[in-house]
*Asks:* 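Please read through the structure below; I'll follow up with questions.
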2 protein chains.
Amino acid sequence: MENDHSNASVYSASCPSRAALELVSSKWSLLIVPFLAAGPARNSELLRRIGGVSQKMLTQTLRELQRNGLVERIDYQTVPPHVEYRLSPLGHSLSQTLAVVDRWAETHHADLTQAQQRFDAADGHAGHPGGK
Amino acid sequence: MENDHSNASVYSASCPSRAALELVSSKWSLLIVPFLAAGPARNSELLRRIGGVSQKMLTQTLRELQRNGLVERIDYQTVPPHVEYRLSPLGHSLSQTLAVVDRWAETHHADLTQAQQRFDAADGHAGHPGGK
DNA sequence: CTGTATCCGTCGCGATACTG
DNA sequence: CAGTATCGCGACGGATACAG
């Protein structure tokens with residue numbers, strides 16, 4: 001049965017796991033989900049702590065995460081408004097995975113930068129010369 | 001010193017680790033790098049095995065990975081051409097991390113789909129009704 | 001404070017054609 | 001086989017203004 005995705009593979013373009021992968025690995029999910037692992041947070045706090053995110057992208061990403069059952073939105077129905085976002089159990093399992101990716105980037109970014117410099121220096125005629 | 005990134009944080013938009021994170025978590029890197037963990041592969045094989053990738057994106061991603069020291073390109077200088085791509089040691093360390101993300105997606109994609117259906121059903125007036 | 005709506009430029013990326 | 005070059009559209013996402 002071609003619709004049995006019990007043996008899902010991200011290498012198949014049509015497999016639903018591919019869509020899941022893209023949601024989960026989107027630029028802001030990669031930061032928001034691990035951040036929420038430390039505890040619930042409000043919109044304004046996320047806006048401040050997730051460097052570079054715009055209100056639009058923050059809301060858009062949170063909505064998508066909520067829609068997929070990774071984040072829960074708690075509205076305290078007060079005025080002024082007070083809304084909190086927190087990870088669901090599924091979200092927590094994901095955050096552990098994504099946090100590893102974040103830490104890999106933080107640990108090895110210097111290696112990448114070094115490699116870039118060597119690569120760009122090796123052929124000054126082609127590719128992306130860092131400088132103008 | 002504000003240029004000391006020894007305590008790198010992806011949460012800072014200006015930290016180099018952010019750029020590293022985005023390279024490493026790009027749509028095709030997430031598939032190519034773990035795929036290469038199984039062994040070196042040729043251009044045509046990657047094109048066949050990585051579902052949905054175009055020649056353009058494949059080359060572009062491989063170049064960027066090579067530039068950052070994650071992938072090595074071996075040209076056998078034969079005719080017809082024979083080129084292999086393989087992971088560097090740094091690339092291998094990354095592949096282990098990314099493979100976990102891939103497997104998370106494969107394992108939990110059904111949960112996400114279920115959550116979507118519940119979410120979309122819960123408010124038929126707003127949001128993204130799946131069907132047109 | 002927590003969003004939503006609209007405008008609009010950038011560029012990611014597929015399609016296609018050509019090369020060694 | 002393994003790419004490169006070019007065109008063109010569609011979306012991604014920032015800026016701004018408005019709302020409960």
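Below, chain A is the first sequence line, B the second, and so on; all start at residue 1. Remember, it's a predicted structure, so these values are computed and weren't measured experimentally.
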*Asks:* Which of the following nucleotides, dT2(C), dA2(D), dG14(D), is nearest to the side chain of Ser44(B)?
*Replies:* dA2(D)
*Asks:* Rounded off to whole Å, could you give me the CG-to-P distance for the Asp75(A) and dC1(C) pair?
*Replies:* 15 Å
*Asks:* Determine whether the side chains of Gln55(B) and Thr59(B) contain a donor N or O and an acceptor N or O closer than 3.5 Å.
*Replies:* yes
*Asks:* Compare side-chain N and O positions of Arg42(B) against OP1 and OP2 of dC1(D) and report whether any pair is under 4.0 Å apart.
*Replies:* no
*Asks:* Transitively linked via ILVMFWY side-chain contacts under 4.5 Å: Leu47(A) with Trp28(A)?
*Replies:*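 Yes, Leu47(A) and Trp28(A) fall within the same hydrophobic cluster.
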*Asks:* With a cut-off of less than 4.0 Å, is there a side-chain N or O of Ser54(A) near OP1 or OP2 of dG14(D)?
*Replies:*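 Affirmative; the distance criterion is met.
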*Asks:* Have a look at Tyr76(A) and say if it touches a base, only the backbone sugar-phosphate, or nothing, with a 4.0 Å heavy-atom cut-off.
*Replies:*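 Touches nothing.
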*Asks:* Once you round it to whole Å, what is the distance between P of dA5(D) and CD of Gln55(B)?
*Replies:*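 Checked: the CD to P distance equals 13 Å.
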*Asks:* Working to the nearest 0.5 Å, report the span between OG1 of Thr97(B) and CG of Leu98(A).
*Replies:* 11.0 Å
*Asks:* Is the phosphate of dA2(D) approached by Arg73(B) (side-chain N or O, under 4.0 Å from OP1 or OP2)?
*Replies:*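 Checking Arg73(B) against dA2(D): no side-chain N or O falls below 4.0 Å of OP1 or OP2.
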*Asks:* Of the options dT2(C), dG14(C), dC1(D), whose atoms approach the side-chain atoms of Asn43(A) most closely?
*Replies:*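 In terms of side-chain proximity for Asn43(A), the closest of dT2(C), dG14(C), dC1(D) is dT2(C).
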*Asks:* For a 4.5 angstrom cut-off between non-hydrogen side-chain atoms, does Tyr11(B) reach Ile50(A)?
*Replies:*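 They are in contact (side-chain heavy atoms under 4.5 Å apart), so the answer is yes.
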*Asks:* Any carboxylate oxygen within less than 4.0 angstrom of a Lys/Arg side-chain nitrogen, looking at Glu64(B) and Arg67(B)?
*Replies:* yes
*Asks:* So which nucleotide from dT2(C), dG14(D), dT4(D) ends up closest to the side chain of Arg63(B)?
*Replies:*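 Selected nucleotide: dT4(D).
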*Asks:* Is there a side-chain polar atom (N or O) of Thr59(B) under 4.0 Å from OP1 or OP2 of dA2(D)?
*Replies:* no
*Asks:* Sugar-phosphate means primed atoms, P, OP1 and OP2; the rest is base. With that split, encode nucleotides 7-12 of chain C 5' to 3' as B, S or - using protein heavy atoms under 4.0 Å.
*Replies:* ------
*Asks:* For a 4.5 angstrom cut-off between non-hydrogen side-chain atoms, does Leu36(A) reach Leu46(A)?
*Replies:* yes
